[in-house]
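One structure is given here, and the rest of the page talks about it.
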Amino acid sequence: GGLYISFSGGVPSRVPEASLHYAGVAEDVAVETSRVMRLGLNEALNGSFFPLGKNEPRGPVDFFVWGDSHASVLLPVIDQVADARSLQGQASVRSATAPLLGYEVTAETSLKSLSIPFNDAVLSYIVQNRIQNVVLIACWSGYVQRDGGIERVKHCLGDTVQALTS
């Protein structure tokens, strides 16, 4: 199971094939998912995130997608929609790493002890660049079932939302 997911770049089957064909991205999902999921602490500290939509290096970032592997499956569709609407976005996606402040994930493919500094670096980038629109995407039920349960997830999600909106 896990070995296949790591080497195949995720599980593109999470999105119905008809939806992928509608968006015209069926062949690109595995390649893009694999590339974006290798993001680590150094990339986060350097602000080297995955571009979405129109690609103007000096242009303002209209939105930011922050999530785990569930977010990576949606990136090709988000990219096409953003491009069609002339929006520029960026994404920080890491397998089995919840987009939550103060939350360490212990799953095998997560960043483990680097989860907290990784997410702190992502938040710092978002705040420094005054990105107003942030989308958090994750397999929330997976985190509720491990690493501290629902109360821990609720607490960390509240802290994350508060930090994004202050």
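The model shown is predicted, which means the values in this text are computed figures rather than measured ones.
A donor-acceptor pair is defined here as one N or O able to donate and one able to accept, closer than 3.5 Å; such a pair exists between the side chain of N119 and the backbone of A98. The backbone N or O of R94 sits nowhere less than 3.5 Å from a side-chain atom of D68 that would complete a donor-acceptor pair. Formation of a donor-acceptor pair under 3.5 Å by the N46 side chain with backbone atoms of N42 is found in this model. In this structure a side-chain-to-backbone donor-acceptor pair under 3.5 Å is missing from K112 to V105. Checked by atom type and distance alone, the side chain of E43 pairs as donor or acceptor with a backbone atom of G40 at under 3.5 Å. D62 places a side-chain N or O within donor-acceptor distance of the main-chain N or O of Q88, the cut-off being under 3.5 Å. In this structure, the side chain of S72 engages the main chain of S69 through a donor-acceptor pair within 3.5 Å.
I116 contributes atom CD1, which lies 5.5 Å from atom CD of E104 (distance to the nearest 0.5 angstrom). Annotation: the span from F63 atom CZ to Q90 atom CD amounts to 9.5 Å, rounded to 0.5 Å. Interatomic distance, CG of L123 versus CD of Q128, reported as 9.5 Å (0.5 Å rounding). The structure places CG of D83 at 13.5 Å from CD1 of I78, a figure rounded to the nearest 0.5 Å. Remark: F118 CZ to S110 OG distance equals 11.0 Å, nearest 0.5 Å.
Taking each heavy atom of V122 and A44 in turn, the nearest pair found is CG2-CB, 4.3 Å. For L39 against S48, the heavy-atom pair with the smallest separation is CD1-O, 3.3 Å. Closest of all the heavy-atom pairs between D79 and G53 is OD1-N, 2.6 Å. Taking each heavy atom of G102 and C156 in turn, the nearest pair found is O-SG, 3.8 Å. The two residues Y125 and I131 come nearest to each other via the heavy atoms CE2-CD1, 3.9 Å.
No side-chain heavy atom of F50 sits less than 4.5 Å from a side-chain heavy atom of V65. Considering only heavy atoms from C-beta on, N129 stays 4.5 Å or farther from F64 through its side chain. Between V135 and N133 the shortest side-chain heavy-atom distance does not fall below 4.5 Å. Side-chain contact between T160 and Y103: absent, with no pair of heavy atoms (C-beta onward) separated by less than 4.5 Å. Between L41 and L111 there is no side-chain heavy-atom pair separated by less than 4.5 Å. When side chains are defined from C-beta on, V61 does not count as touching F49, because their heavy atoms never get closer than 4.5 Å.
Under the salt bridge (Lys or Arg N to Asp or Glu O under 4.0 Å) criterion, the residue pairs touching residues 153-166 are E151-K154, with sequence neighbours excluded.
Residues Y143 and V161 are members of one and the same hydrophobic cluster, defined by side-chain heavy-atom contacts under 4.5 angstrom among Ile, Leu, Val, Met, Phe, Trp and Tyr.
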Test log, rule side chain to side chain contact (heavy atoms under 4.5 Å, CB included), inputs W66 and L164
CA-CA 12 Å; W66 184 6; L164 288 168; 4.3 Å; yes
